[in-house]
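This report concerns only the one structure given below.
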Amino acid sequence: MTAKQWKTRIAKACKAAGTYQKCFDTIIGTLSAIMQRRDAVAAQWEEEGSVPLIEYTNKNGTTNMIKNPLLTLLNDLDRDALAYWRDLGLTPAGLRKINEKAVQPRKKDLGELLEKL
C-alpha cells in the first residue's frame, strides 16, 4: 500500500474512533510513511523465504547463525508504528487514555475556589 493510501486509511480510522483532529495530520503522515516502509520490508522478507535466522560470516571467517536483519527491521517498524497508533487513539489502551482525559472533570485551582467563597 502506498503512503497516501495509508494516510487515507489512518485518517478514516481516527474519524471512526472519534479521535481525529486536523493537528494530527503530521503524525498521520509519519505513520503512513512507516507503514509503507513496513509493507516493503515485509514483502522482501517473504520473497526471501521468511527465514528468521541466516548464516553470517564475520571478518575472521567464522560463520554463525544470526537473526535475519529484515526481521529485526520489521520488528522495529512494528514497534514504531504501534507508538503512533497508540498516540492517535487507535489501540484499546490509546483510546481509553484519550477518552479518560476527555471525561475527567477539570481540576479547579485554589484561586478559583476562593473566589467562589
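The first residue of the sequence shown is numbered 1, and numbering continues consecutively from there.
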Any donor-acceptor pair under 3.5 Å linking the side chain of Thr19 with the backbone of Lys15?
no

Taking every non-hydrogen atom, the tightest pair across Trp6 and Gln36:
CD1-N, 3.9 Å

Rounded distance (nearest 0.5 Å) linking atom NZ of Lys67 with atom OG1 of Thr72
4.5 Å

Quick check for you: to the nearest 0.5 Å, what is the distance between Arg38 atom CZ and Asp78 atom CG?
4.0 Å

Group every Ile, Leu, Val, Met, Phe, Trp and Tyr by side-chain heavy-atom contacts under 4.5 Å, then state whether Leu71 and Val41 land in the same group.
yes

N/O donor-acceptor pair under 3.5 Å between Asn58 side chain and Asn60 backbone:
yes

Say you draw a straight line from CD of Glu46 to CG of Leu70; how long is it, rounded to the nearest 0.5 Å?
11.0 Å

For residues Met1 and Arg9, determine if any side-chain heavy atom of one lies less than 4.5 Å from a side-chain heavy atom of the other.
yes

Checking side-chain polar atoms at under 3.5 Å, does Asn68 have a donor or acceptor matched by the opposite partner on Tyr56?
no

Do Ile66 and Leu53 come within less than 4.5 Å of each other through their side chains, counting heavy atoms only?
no

In the structure I gave you, are the side-chain heavy atoms of Arg37 and Leu77 within less than 4.5 Å of one another anywhere?
yes

Suppose the criterion is salt bridge (charged side-chain N to carboxylate O under 4.0 Å, His left out): which pairs have a residue in residues 56-65, not counting sequence neighbours?
none

Scan the side chains in residues 79-92 for donor-acceptor partners under 3.5 Å anywhere in the protein, sequence neighbours excluded, and list what turns up.
from	atom 1	to	atom 2	distance (Å)
Arg79	NH1	Asp76	OD1	3.1
Thr91	OG1	Gly94	N	3.0

Where the side chain of Gln5 meets the backbone of Thr2, is there a donor-acceptor pair that is under 3.5 Å apart?
yes

Rounded to the nearest 0.5 Å, what's the gap from OG on Ser32 to CG on Asp25? Could you check?
10.0 Å

From Ile28 CD1 over to Ile10 CD1, what is the distance, rounded to the nearest 0.5 angstrom?
7.0 Å

When you compare the side chain of Leu74 with that of Trp45, does any pair of heavy atoms fall below 4.5 Å?
yes

Drop me the distance from Thr30's OG1 to Lys7's NZ, to the nearest 0.5 angstrom.
9.0 Å

